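Scroll down for the structure; my scribbles are underneath it.
If you're wondering where the values come from, they're calculated on a predicted model, not measured in any experiment.
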Amino acid sequence: QVQLVESGGGLVQPGGSLRLSCAASGRTFSNYAMGWFRQAPGKEREFVAAISWTGDTTIYTDSVKGRFTISRDNAKNTVYLQMNSLKPDDTAVYYCASGRTQWPQRSPVLYGYWGSGTQVTVSS
């Protein structure tokens with residue numbers, strides 16, 4: 001049984017930082033790309049960032065480029081999302097997902113397993 005467990009969410013002021021973690025089990029973590037998505041109230045789930053199986057290739061949605069960094073530690077079966085210069089528009093539930101292939105993808109249909117999410121709230 002594949003399990004993805006996110007952690008690290010919380011309340012932060014605008015301009016602040018958070019680091020999300022996603023611990024994976026039940027699958028050979030290092031064989032697959034990983035992604036982060038988010039869903040704000042009343043909005044559809046949207047792609048945030050993704051990373052290839054080796055960690056050499058990363059992609060981001062335009063609104064987080066230069067502020068967020070995705071990384072992975074295959075020895076720890078964990079993927080991270082470092083979020084800096086946070087804005088109120090970043091408020092959402094953040095989900096990690098395990099890809100169906102080795103390469104990072106933007107479409108959620110290309111991810112077969114999902115965590116239950118962690119809430120990030122950016123507010124003063």
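- With contacts defined as side-chain heavy-atom distances shorter than 4.5 Å, the pair Pro88/Ser123 does not qualify.
- Salt-bridge formation is not detected for the pair Asp90/Lys87: no Lys NZ or Arg NE/NH1/NH2 atom is positioned less than 4.0 Å from an Asp or Glu carboxylate oxygen.
- A donor and an acceptor atom, one from each side chain of Ser17 and Asn84, are located under 3.5 Å apart.
- Glu6 places a side-chain N or O within 3.5 Å of a backbone atom of Gly117 that can act as its donor or acceptor partner.
- The cluster map of Ile, Leu, Val, Met, Phe, Trp and Tyr, joined by side-chain heavy atoms under 4.5 Å apart, puts Met34 and Leu18 in the same cluster.
- Contact detail for Gln119 and Ala92: the closest heavy-atom pair is NE2-O, 3.5 Å.
- One finds the CG atom of Asn31 at 11.5 Å from the OG1 atom of Thr54 (value rounded to the nearest 0.5 Å).
- Linking Ile, Leu, Val, Met, Phe, Trp and Tyr whenever their side-chain heavy atoms come within less than 4.5 Å leaves Ile59 and Tyr32 in two separate clusters.
- Under a 3.5 Å cut-off, the side chain of Ser52 and the backbone N or O of Thr57 do form a donor-acceptor pair.
- Cation-pi geometry between Arg72 and Phe29 is met: under 6.0 angstrom from the ring centre, within 45 degrees of the axis.
- Evaluated for a ring pair (Phe, Tyr, Trp, His ring centres under 6.0 Å) with Phe47, the options Phe37, Tyr95, Trp36 yield exactly one hit, Phe37.
- For the side-chain contact (heavy atoms from CB on, under 4.5 Å) criterion with Ile70, the lone passing option out of Leu20, Val48, Val64, Ile51 is Ile51.
- Although no hydrogens or angles enter the test, the distance criterion places no donor-acceptor pair under 3.5 Å between the side chain of Thr121 and the main chain of Leu11.
- Between the side chain of Thr91 and the main chain of Val122, a donor-acceptor pair closer than 3.5 Å is present.
- For Arg100 and Tyr111, the positive end is not near the middle of the six-membered ring at less than 6.0 Å and at most 45° from its axis.
- Hydrophobic clustering (side-chain heavy atoms under 4.5 Å, transitive across Ile, Leu, Val, Met, Phe, Trp, Tyr) keeps Trp114 apart from Val79.
- At least one side-chain heavy atom of Leu4 sits under 4.5 Å from a side-chain heavy atom of Ser98.
- Distance alone, capped at 3.5 Å, places no donor-acceptor pair between the Thr28 side chain and the Ser30 backbone.
- Taking the side chain as every heavy atom from C-beta outward, Arg38 and Glu46 approach each other to under 4.5 Å.
- A distance-only check finds a donor-acceptor pair linking the side chain of Arg106 to the backbone of Tyr60 [under 3.5 Å].
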- Task: Check the pair Thr69, Tyr80 against side-chain contact (heavy atoms from CB on, under 4.5 Å), reporting the backbone distance first and the verdict last.
- Result: CA-CA 8 Å; Thr69 302; Tyr80 305 97; over 6 Å; no
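- Using a 30° and 60° split on the angle between ring planes, Phe68 and Tyr94 fall in the tilted class, from 30° to 60°.
- When hydrophobic clusters are built by joining Ile, Leu, Val, Met, Phe, Trp and Tyr residues whose side-chain heavy atoms come closer than 4.5 Å, directly or via intermediates, Met83 is grouped together with Val12.
- Side chain of Arg67 to backbone of Ser85: a donor-acceptor contact under 3.5 angstrom is found.
- What you find for Gly9 and Val120 is that their closest heavy atoms are CA-CG2, 4.2 Å.
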